[in-house]
Structures are given as C-alpha cells and as structure tokens.
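Working notes, beginning with the structure itself.
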Amino acid sequence: MAEIKKKTLRLTTLAVLGALAIVLSALENLIPPLPMMPPGAKLGLSNIVTMFTAGTFGLAPALAIALLKALFAGATRGVTALLMSLSGGILSTLAMGLLFRWKKHAASLLAIGILGAVTHNLAQLCVAVVLTNSAVLSYLPFLLLYALVTGSVTGSALRILLPALKNVTRLGL
C-alpha cells in the first residue's frame with residue numbers, strides 16, 4: 001500500500017509541475033516583447049519547471065512536460081508554435097537531462113540553464129531554417145547572446161527556488 005501511495009504522490013506532483021509549466025508558458029505569452037529581444041524570443045520561465053523535473057525526477061518525466069508544453073503551444077498558437085516548442089523543448093530537455101545525469105553536481109544550475117537555453121534556441125533556429133530560408137541564420141549571434149541571459153535567469157531562479165521545491169517534493173519522493 002505504501003508503494004501505491006508513493007507512486008500516486010509522484011504522479012500528482014508531476015501533474016502539478018506540468019500544469020505549472022503550462023501556466024508559466026501562457027503567462028509568458030502575455031509579456032510584450034522587449035525592444036532588444038530577437039523576434040519571437042521568450043524568457044523561458046517554464047523551462048525552470050522542466051529543468052527542476054529533469055534534475056529531481058529524471059529525463060523521461062521532464063520530456064513528458066516538454067511535450068505537454070509543445071502540445072499547449074500548438075493548441076493555442078498553431079502548428080509553427082508546436083514545431084518550434086517541440087524542437088526546442090525536446091533538445092534542451094535532453095541536453096539538461098544528460099548534464100544532470102552525467103554528474104549530479106559537476107555542473108551548476110546556471111550552466112545547465114544556459115545549456116538548455118542555447119540548445120533550445122539552436123533547435124528552434126533549425127526549424128525556422130527549414131520553414132523559411134537560411135536568412136534567419138543571421139539571428140544566431142543574437143539568439144546565443146540572448147540564451148546566455150535567459151539561461152542565467154532560469155538557472156539562477158531555480159537555484160533560489162530549489163530549497164522550497166525540494167521541501168514540497170520531499171513529502172514522500
């Protein structure tokens with residue numbers, strides 16, 4: 001019976017994390033673009049949830065949340081948003097998950113956040129090249145610089161939030 005309770009708690013915690021990722025994604029869509037941001041660029045606040053999930057629950061649940069976020073993007077903003085979110089979310093989650101798995105404490109959350117942001121932007125740029133043309137490659141330097149900033153923000157935010165998140169998930173996991 002205790003095992004069933006533990007699995008139920010894990011599943012409900014992951015469901016809440018998935019919902020939180022969707023809410024953060026939706027809220028982020030309400031933020032008007034800043035003048036210095038590359039077109040379509042977002043802060044990536046929902047990636048904090050994906051990063052936390054990859055480090056705490058493992059790669060498979062984090063990939064499920066990335067897929068959930070992509071399906072939400074597709075349902076609310078169309079096929080292009082689905083493709084962009086799916087490519088960026090899956091690649092960045094794989095990269096962050098592998099870095100977490102490589103050595104649990106070898107990389108800081110800041111480095112993992114930056115790696116996630118860089119791989120997210122690179123995957124989305126590849127999709128943009130396929131959908132449009134190679135002219136979008138001129139955005140690469142701006143996207144990489146932006147990824148350093150946003151990855152630093154998400155990695156730092158997770159580092160600040162981690163004690164509270166660990167207390168919540170410590171309830172039986």
Side-chain angles (χ1 to χ4, degrees), residues 10 13-70 72-73 81 84-128 139-170 173:
R10 177 182 167 88
T13 302
L14 289 171
V16 169
L17 288 171
L20 178 60
I22 288 174
V23 167
L24 287 172
S25 182
L27 288 174
E28 201 167 39
N29 288 330
L30 299 175
I31 299 172
L34 298 173
M36 312 160 280
M37 290 173 40
K42 307 243 182 272
L43 290 173
L45 298 177
S46 64
N47 292 334
I48 297 168
V49 176
T50 310
M51 190 182 344
F52 171 73
T53 304
T56 304
F57 294 97
L59 186 56
L63 287 169
I65 288 177
L67 176 61
L68 185 65
K69 290 187 332 180
F72 175 76
M84 296 295 245
S85 180
L86 187 62
S87 65
I90 297 297
L91 186 62
S92 66
T93 302
L94 283 170
M96 291 185 301
L98 291 173
L99 197 52
F100 272 119
R101 190 180 268 176
W102 175 56
K103 271 207 172 161
K104 196 72 170 168
H105 301 288
S108 70
L109 291 174
L110 185 70
I112 292 170
I114 291 171
L115 175 69
V118 167
T119 54
H120 197 280
N121 286 352
L122 289 176
Q124 288 187 330
L125 189 62
C126 289
V127 169
Y139 285 125
L140 183 61
F142 302 106
L143 288 173
L144 292 176
L145 180 61
Y146 190 70
L148 289 173
V149 173
T150 59
S152 297
V153 168
T154 57
S156 297
L158 181 56
R159 187 180 41 189
I160 292 166
L161 294 171
L162 198 55
L165 290 169
K166 286 289 188 183
N167 278 338
V168 171
T169 58
R170 189 181 61 195
L173 301 174

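- With values rounded to the nearest 0.5 angstrom, Leu63 atom CG is found 9.5 Å from Met96 atom CE.
- Note that OG1 of Thr56 and CE of Met51 are 11.0 Å apart. Values are rounded to the nearest 0.5 Å.
- Taking all atoms of both residues into account, the shortest heavy-atom contact from Ala117 to Thr150 is CB-OG1, 3.7 Å.
- Legend: residues meeting side-chain contact (heavy atoms from CB on, under 4.5 Å) with Ala95, ordered by chain and number and at least two apart, are Leu115, Thr119.
- Between Arg10 and Pro61 the shortest heavy-atom distance is NH2-CG, 3.6 Å.
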Please output the side-chain donor-acceptor pairs of residues 24-33 that fall under 3.5 Å, not counting sequence neighbours, one pair per line with the distance.
residue, atom, partner, partner atom, Å
Glu28, OE2, Leu43, N, 3.0
Glu28, OE2, Gly44, N, 2.4
Glu28, OE2, Leu45, N, 3.0
Asn29, OD1, Arg77, NH1, 3.1
Asn29, ND2, Ser25, O, 3.3

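- No side-chain heavy atom of Phe52 sits less than 4.5 Å from a side-chain heavy atom of Leu161.
- Here the side chains of Leu122 and Leu144 are in contact, with some heavy-atom distance below 4.5 Å.
- No side-chain heavy atom of Ile65 sits under 4.5 Å from any side-chain heavy atom of Thr93.
- Checked against side-chain hydrogen bond (donor to acceptor under 3.5 Å, both in side chains), Ser46 has the following partners two or more places apart in sequence or in another chain: Lys69.
- Contact detail for Met84 and Ala128: the closest heavy-atom pair is CE-CB, 4.0 Å.
- Under the side-chain contact (heavy atoms from CB on, under 4.5 Å) criterion, Ile114 pairs with Leu110, Val118, Leu148, Ser152, not counting sequence neighbours.
- Contacts of Leu67 classified as side-chain contact (heavy atoms from CB on, under 4.5 Å), with partners at least two apart in sequence or in another chain: Leu71, Leu86.
- Considering only residues two or more places apart in sequence or on other chains, Ile22 meets the side-chain contact (heavy atoms from CB on, under 4.5 Å) condition with Leu68, Phe72.
- Of all heavy-atom pairs between Ser85 and Ala70, the closest is OG-CA, 3.3 Å.
- Thr154 and Gly113 make their closest contact through OG1-CA, 4.1 Å (heavy atoms, listed as atom of the first residue, atom of the second, distance).
- In terms of heavy-atom proximity, Gly116 sits nearest to Ser92 at O-CB, 3.1 Å.
- Counting heavy atoms from C-beta on, the side chains of Thr53 and Val49 come closer than 4.5 Å.
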